[in-house]
Amino acid sequence: MCGIVGYIGPRQAAGLLIEGLRRMEYRGYDSSGIAVVNGTGLKIMKSAGKLSALEQQLDGGMPSGTLGIGHTRWATHGAPTTPNAHPHTDQSGHIAVIHNGIIENAGAIRKMLQQRGHTFRSETDTEVLAHLIGELYRGSLEEAVAAALREVDGAYGLAIISEDEPGVLVAARKGSPLLVGVGEDEWFVASDASPLLEHTRSVVYLDDGEMAVLSRDGYRIRTLETAQIEKPVNQIEWDLTTIERGGYAHFMLKEICEQPESLQNTLRGHLLEEEGTSRVSGLNLSDDDLKGIERIVITACGTSWHSALIGEYMLEEMARIPVEVEYASEFRYRNPVIDERTLVIGISQSGETADTLAAIREAKLRGARTVGLVNVVGSTIAREVDGGLYLHAGPEVGVASTKAFTSQVAALALVTLRIARLRDLSILQGREFIHALQALPGQIQEILNRSADVERIAERFTDTTNALYLGRGVNFPAALEGALKMKEISYIHAEGYPAAEMKHGPIALIDENMPVVFIAPHDAVHQKIVSNIEEVKARGGRIIALVNDGDAEIERLADATFTIPTTLDLLSPILTIIPLQLFSYYVAVRRGCNVDQPRNLAKSVTVE
Ligand code: AGP
């Protein structure tokens with residue numbers, strides 16, 4: 001997520017800003033920049049890529065000045081290019097703005113300003129806001145900012161400076177965190193506490209609708225309407241590491257718990273309830289193109305391959321299109337039968353996985369249309385496919401993929417819905433699917449609220465050396481994903497299997513030392529899985545079962561059960577995977593494993 005830092009005081013600002021931005025690198029970003037007021041004007045330096053690219057620009061010497069702002073950008077709208085990097089200036093070039101959030105009515109404001117002769121250099125909503133502030137400037141930066149914010153809709157965390165007011169730094173918050181750091185005769189603003197800790201632990205947290213006006217002899221908190229309000233000064237108790245994880249013990253737990261929000265962000269703007277369909281214009285495929293698809297190949301690796309398997313069930317069940325799911329590492333070396341009537345979907349959180357990238361290039365070479373379901377904006381796969389959907393799940397720092405998985409399944413649901421409604425799916429079925437999707441974030445939160453129940457189950461299985469994960473239908477891929485989570489962070493040998501397959505070999509493994517996790521929602525094959533549970537029970541296996549509320553039959557058979565809310569069968573993996581993510585996390589923590597950076601693993605496998 002984007003990072004904001006600002007400074008006003010007796011010291012040179014540039015170095016402090018760069019150091020502050022470095023403290024926020026963990027948030028994930030793809031461009032950065034600073035603006036400093038240096039007595040003769042406004043000096044802006046910015047660059048795509050990592051902070052090191054910005055620092056190369058500064059090698060020629062840091063701009064002097066004791067007032068400045070800095071930003072790291074995680075691109076959501078507008079590619080991660082230097083022109084799109086923050087800070088952005090107004091038409092006059094005297095006012096610099098950095099911004100976290102989204103200005104929803106930026107398009108209309110851009111048009112209005114263009115009619116007044118404004119010209120824009122970027123694709124960003126932030127530049128529009130800078131121009132609006134400039135347009136409303138009548139000698140007071142804080143009043144111009146207040147006036148502009150009364151005209152915008154959306155979410156923002158802002159820091160603004162002007163070369164015409166070298167003793168003022170204005171900040172504002174609505175929907176995106178911002179706090180003021182109170183130092184010794186120096187003041188800071190930041191999007192989280194991490195860049196402040198080395199300077200001060202005294203902070204003022206802004207609330208939505210509030211502004212801060214920092215000057216060289218103090219700060220004042222106000223709202224858009226009132227000139228001053230009183231706010232308490234708080235002391236930061238957390239250490240730097242805890243702050244970077246948002247108060248969670250590990251990035252993985254933070255990202256598991258972000259899934260209500262990340263799923264909402266994936267779905268945002270794509271659900272067309274009236275028509276019972278989805279908007280997926282990013283695929284760059286017309287409805288006629290989508291109707292003309294005869295076959296779909298989904299290619300990916302690891303967790304992304306598991307979400308692809310769920311996509312196969314969705315697309316074949318709802319859109320009635322034959323689908324094949326291919327390991328990218330296999331696909332790229334096979335001689336696959338694909339042509340221009342085949343749609344190849346590449347799924348990748350990082351957008352940089354070498355095998356998936358190679359598979360997509362192979363598919364393009366053979367004339368297939370390619371789309372990507374990717375989290376990292378501007379990544380190689382996102383740039384090379386013919387179209388796609390960004391997951392908007394936010395940076396995923398933990399090596400074990402969690403929120404990206406549920407967002408990938410949601411993105412596959414959006415693609416499925418669009419195609420299915422062009423074929424046999426009725427408007428009512430489409431609306432039912434949409435309502436189920438809309439309910440998922442709240443249902444995930446309901447599961448997360450009962451994390452302690454999962455932790456208690458994990459305590460009983462910390463010393464196990466093996467585990468089987470069994471599921472049927474669309475929850476067979478969920479079993480694979482749950483097993484992968486356990487494997488990769490706790491180093492327990494866990495295997496996922498279709499529940500019915502157990503009889504064809506793995507049942508030989510069952511004894512009192514073998515925990516068996518059953519994913520058993522009340523779906524179309526529920527009774528079948530009850531039989532599988534009885535087979536394991538009869539051989540002394542220890543059974544952990546994920547069930548819907550009131551499943552007394554399985555609760556009687558299992559050693560431990562965890563209930564999950566009810567949703568449509570095809571969407572149930574988005575819910576069943578949550579307790580499995582938590583289960584692997586709690587077991588791994590108890591085993592003293594490095595949860596965020598497991599041994600031997602990389603977050604993005606950019607080599608074969
Ligand atoms: C999942 O927990 C792993 N980190 C790994 O399997 C990952 O899903 C795989 O390497 C694919 O990565 P991608 O989604 O970035 O392409």
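Numbering of ligands and ligand atoms starts at 1, following listing order. This is a predicted model, so every value here is computed, not measured.
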Atom pairs and distances, ligand 1 N/O vs protein N/O under 3.5 Å:
unit_1: ligand 1; atom_1: 2 (O); unit_2: Thr303; atom_2: OG1; d: 3.3
unit_1: ligand 1; atom_1: 2 (O); unit_2: Ser401; atom_2: N; d: 2.8
unit_1: ligand 1; atom_1: 2 (O); unit_2: Lys485; atom_2: NZ; d: 3.0
unit_1: ligand 1; atom_1: 2 (O); unit_2: Glu488; atom_2: OE1; d: 3.3
unit_1: ligand 1; atom_1: 2 (O); unit_2: Glu488; atom_2: OE2; d: 2.4
unit_1: ligand 1; atom_1: 4 (N); unit_2: Val399; atom_2: O; d: 2.8
unit_1: ligand 1; atom_1: 6 (O); unit_2: Thr303; atom_2: N; d: 3.3
unit_1: ligand 1; atom_1: 8 (O); unit_2: Thr303; atom_2: N; d: 3.1
unit_1: ligand 1; atom_1: 12 (O); unit_2: Thr353; atom_2: OG1; d: 3.4
unit_1: ligand 1; atom_1: 14 (O); unit_2: Ser304; atom_2: OG; d: 2.6
unit_1: ligand 1; atom_1: 14 (O); unit_2: Gln349; atom_2: N; d: 2.7
unit_1: ligand 1; atom_1: 15 (O); unit_2: Ser348; atom_2: OG; d: 3.4
unit_1: ligand 1; atom_1: 15 (O); unit_2: Gln349; atom_2: N; d: 3.4
unit_1: ligand 1; atom_1: 15 (O); unit_2: Ser350; atom_2: N; d: 2.8
unit_1: ligand 1; atom_1: 15 (O); unit_2: Ser350; atom_2: OG; d: 2.7
unit_1: ligand 1; atom_1: 15 (O); unit_2: Thr353; atom_2: OG1; d: 3.4
unit_1: ligand 1; atom_1: 16 (O); unit_2: Ser348; atom_2: OG; d: 2.7
unit_1: ligand 1; atom_1: 16 (O); unit_2: Thr353; atom_2: OG1; d: 2.5

- Walk me through it: do Arg295 and Glu324 pass the test salt bridge (charged side-chain N to carboxylate O under 4.0 Å, His left out)? CA-CA 8 Å; Arg295 228 168 107 251; Glu324 277 170 64; 2.7 Å; yes
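- In this structure, a donor-acceptor pair under 3.5 Å is present between the side chains of Ser401 and Glu396.
- Using a cut-off of 4.0 Å between Lys/Arg side-chain N and Asp/Glu carboxylate O, Glu25 and Arg22 are scored as salt-bridged.
- The only member of Glu481, Glu488, Gln408 that meets side chain to side chain donor-acceptor pair (under 3.5 Å) when paired with Thr303 is Glu481.
- Paired with Asp287 under the rule salt bridge (Lys or Arg N to Asp or Glu O under 4.0 Å), one option of Arg421, Arg418, Arg279 passes, and it is Arg418.
- Annotation: Phe405 is not in aromatic contact with His306 [ring centroid separation under 6.0 Å not met].
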